[in-house]
Colleague: 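Here it is, the structure in full.
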Amino acid sequence: KSPDTIRFATYNGSLYDEEGRLVERLRDGDEHARKVAAVIQHVRPDVLLLNEFDYDARGEAARIFQREYLGKPQYGQPAIRYRFRFLAPVNTGVPSGLDIDGDGRTTGPADAWGFGRHPGQYGMLVLSRFPIDAKCARTFRLLPRHRMPGALVPKRPDGTPFYADATWRALRLSSKSHWDLPIRTPHGRVHLLAHHPTPPVFDGPEDHNGTRNHDEIRFWAD
């Protein structure tokens, strides 16, 4: 690439597991993580949004991945170092206490604020060669979905709302989170608008995942 080019990338690393297991896997040596690292080393983005990377509050998984995988050559690719990273809580796996998927229960992974079997599963991680102004970072993780102008309301085939009014007013827009991260690049301040919307599938004719996917993407467009 040109020396004047700054390369941003997003990559779904599928680095998720049961609670606490990702840290254990990375410590023990994980072949899938080596392959993910090799792709990153080959593409060599300056700023990377890595999706489906389990969040832990101490950032242990991120530290190990940077040091033992990105920081060492993988499959003949040269090591790469990112001086800065950003990670924060996400909605996936956090219990809502609501019956979000309409199955009559409130305790399944589809009843979390974002689909997940434990808090932080399928999280997000940003790695950067340039400083991230974390003090000015904004997260919209708790934004209620109904507060978004023109939010799409899932409806049953007979036209009635899929969610009870109290549930609809409690639902969060972000299945993981929405981050606005100011990054100080050599060409000036750039805002990375990071998110990972729920896939528009795994629902029924009410299209509750499809409408959420639409609104999550439209949030940044608006």
Side-chain angles (χ1 to χ4, degrees), residues 1-90 92-93 114 116-118 120-134 137 139 175-199 217 220:
K1 66 176 183 177
S2 165
D4 294 329
T5 298
I6 297 176
R7 178 174 290 163
F8 287 75
T10 180
Y11 185 23
N12 188 329
S14 295
L15 287 166
Y16 61 86
D17 210 314
E18 298 303 316
E19 191 164 14
R21 275 287 298 144
L22 179 60
V23 171
E24 295 176 7
R25 281 172 45 192
L26 294 176
R27 283 176 177 162
D28 293 342
D30 186 81
E31 192 63 24
H32 176 69
R34 285 192 62 214
K35 294 176 181 178
V36 171
V39 173
I40 296 169
Q41 291 170 344
H42 180 74
V43 178
R44 307 195 77 76
D46 299 299
V47 182
L48 171 68
L49 167 61
L50 189 58
N51 286 320
E52 293 198 358
F53 190 98
D54 280 359
Y55 168 80
D56 65 276
R58 296 176 57 192
E60 189 66 17
R63 280 193 293 271
I64 297 172
F65 182 68
Q66 286 183 265
R67 183 181 66 242
E68 300 298 328
Y69 294 83
L70 294 177
K72 296 181 179 179
Q74 308 292 347
Y75 292 96
Q77 300 298 321
I80 189 169
R81 180 171 180 251
Y82 292 100
R83 291 182 58 199
F84 307 96
R85 66 171 172 261
F86 182 91
L87 65 163
V90 290
T92 38
R117 292 176 173 80
H118 64 82
Q121 191 174 37
Y122 313 116
M124 308 195 303
L125 171 66
V126 172
L127 303 174
S128 175
R129 292 181 51 229
F130 310 119
I132 301 171
D133 190 352
T139 173
S175 55
K176 285 83 177 175
S177 193
H178 283 69
W179 298 338
D180 173 3
L181 303 181
I183 299 175
R184 299 196 297 271
T185 78
H187 299 290
R189 190 181 181 90
V190 175
H191 285 257
L192 174 65
L193 306 181
H195 79 307
H196 182 200
T198 192
I217 295 171
W220 286 138

Colleague: With the threshold set at 4.0 Å, does a side-chain nitrogen-carboxylate oxygen contact exist between Glu24 and Arg27?
Modeller: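 Looking at Glu24 and Arg27, the cut-off is not met.
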Colleague: Rounded at 0.5 Å granularity, tell me how far CG in Asp28 sits from CD in Glu68.
Modeller: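 CD of Glu68 is found 12.0 Å from CG of Asp28.
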Colleague: Look up atom CD1 in Ile40 and atom CG in Leu48, then write down how far apart they are to the nearest 0.5 Å.
Modeller: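 Going from the CD1 atom of Ile40 to the CG atom of Leu48 covers 5.0 Å.
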Colleague: If you apply the rule side-chain contact (heavy atoms from CB on, under 4.5 Å), what do you find for Ile6 with Arg129, and how did you get there?
Modeller: CA-CA 10 Å; Ile6 297 176; Arg129 292 181 51 229; over 6 Å; no
Colleague: Looking only at heavy atoms, what is the nearest atom pair of Pro45 and Ile80, with distance?
Modeller: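 Nearest heavy atoms, Pro45 then Ile80: O-CD1, 4.2 Å.
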Colleague: Calculate, to the nearest 0.5 Å, the distance between atoms CD1 and CG belonging to Ile64 and Asp30 respectively.
Modeller: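 Output value for this atom pair is 11.0 Å.
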Colleague: For Asp54 and Glu19, what are the C-alpha separation, side-chain angles and deciding distance, and is it a side-chain contact (heavy atoms from CB on, under 4.5 Å)?
Modeller: CA-CA 8 Å; Asp54 280 359; Glu19 191 164 14; over 6 Å; no
Colleague: Closer than 3.5 angstrom, by distance alone: can the side chain of Gln41 be matched with the main-chain N or O of Lys72 as a donor-acceptor pair?
Modeller: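 Yes.
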Colleague: Going by heavy atoms in the side chains, are Trp220 and His195 under 4.5 Å from each other?
Modeller: yes
Colleague: Kindly give the heavy-atom pair with the smallest separation between Ala61 and Asp56, and that separation in Å.
Modeller: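 Nearest heavy atoms, Ala61 then Asp56: N-OD1, 3.1 Å.
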Colleague: Within the distance-only criterion (no hydrogens, no angle test), does the side chain of Asn51 pair as donor or acceptor with the backbone N or O of Tyr11 below 3.5 angstrom?
Modeller: no
Colleague: How close do Ser175 and Thr198 get, heavy atom to heavy atom, and via which atoms?
Modeller: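 Heavy atoms of Ser175 and Thr198 come nearest at OG-N, 3.1 Å.
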Colleague: I'd like to know whether Val47 forms a side-chain contact (heavy atoms from CB on, under 4.5 Å) with Phe130, so could you lay out the CA-CA distance, the side-chain angles of the two residues, the decisive distance to 0.1 Å, and finally the verdict.
Modeller: CA-CA 8 Å; Val47 182; Phe130 310 119; 4.3 Å; yes
Colleague: Which distance, rounded to the nearest 0.5 Å, do you find between the CG of Leu127 and the CG of Leu50?
Modeller: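 Separation between the atoms: 6.5 Å.
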Colleague: For Asp180 versus Pro182, what's the shortest heavy-atom pair and its separation?
Modeller: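 Reported closest heavy-atom pair: O-CD, 3.5 Å.
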Colleague: For the atom pair OG1 (Thr5) and NE2 (His187), what is the distance rounded to the nearest 0.5 Å?
Modeller: 7.5 Å
Colleague: Might you point out which heavy atoms bring Ala194 and Met124 nearest each other, and give the distance in Å?
Modeller: O-CE, 4.1 Å
Colleague: Taking the six-membered ring for Trp, are Phe86 and Trp179 parallel (under 30°), tilted (30 to 60°) or perpendicular (over 60°)?
Modeller: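 Plane angle over 60°, so perpendicular.
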Colleague: Flag the pair Lys35 and Glu31 as a salt bridge only when some basic side-chain nitrogen lies within less than 4.0 angstrom of an acidic carboxylate oxygen.
Modeller: no
Colleague: Is it the case that the side chain of His32 and the backbone of Gly13 share a donor-acceptor pair, with hydrogens and angles ignored and the cut-off at 3.5 Å?
Modeller: yes
Colleague: Using modelled atom types only, decide if a donor and an acceptor are shared between the side chain of Gln121 and the backbone of Asp17 within a distance under 3.5 Å.
Modeller: yes
Colleague: Measuring from atom OH of Tyr55 to atom CG of Leu87, what distance do you get when rounded to the nearest 0.5 angstrom?
Modeller: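 With rounding to 0.5 Å, OH (Tyr55) is 6.0 Å from CG (Leu87).
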Colleague: Verify, without hydrogens or angle tests, whether Arg44 (side chain) and Pro78 (backbone) share a donor-acceptor contact under 3.5 angstrom.
Modeller: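 Confirmed, Arg44 side chain pairs with Pro78 backbone.
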Colleague: Hey, is the main chain of Lys176 close enough, under 3.5 Å, to the side chain of Thr92 for a donor-acceptor pair?
Modeller: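 Looks like no, no N/O pair under 3.5 Å.
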Colleague: Show the nearest heavy-atom pair for residues Gly123 and Val90, with the distance to one decimal.
Modeller: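 Where Gly123 meets Val90 most closely, the heavy atoms are CA-CG2, 4.0 Å.
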Colleague: Quick check against the 3.5 Å criterion: does Gln66 have a side-chain atom that pairs as donor or acceptor with the backbone of Tyr82?
Modeller: yes
Colleague: Do Tyr16 and Leu22 make a side-chain contact, defined as non-hydrogen atoms from C-beta onward lying under 4.5 Å apart?
Modeller: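 Side chain of Tyr16 against side chain of Leu22, heavy atoms only: no contact under 4.5 Å found.
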Colleague: For His42, does the NE2 atom have more than 12 heavy-atom neighbours from other residues, nucleotides or ligands under 6.0 Å away?
Modeller: no
Colleague: Is there side-chain contact between Phe84 and Ile183, with heavy atoms separated by less than 4.5 Å?
Modeller: no
Colleague: Decide side-chain contact (heavy atoms from CB on, under 4.5 Å) for Arg85 and Arg63; before the verdict, give the C-alpha distance in whole Å, the side-chain angles of both, and the deciding distance to 0.1 Å.
Modeller: CA-CA 9 Å; Arg85 66 171 172 261; Arg63 280 193 293 271; 2.8 Å; yes
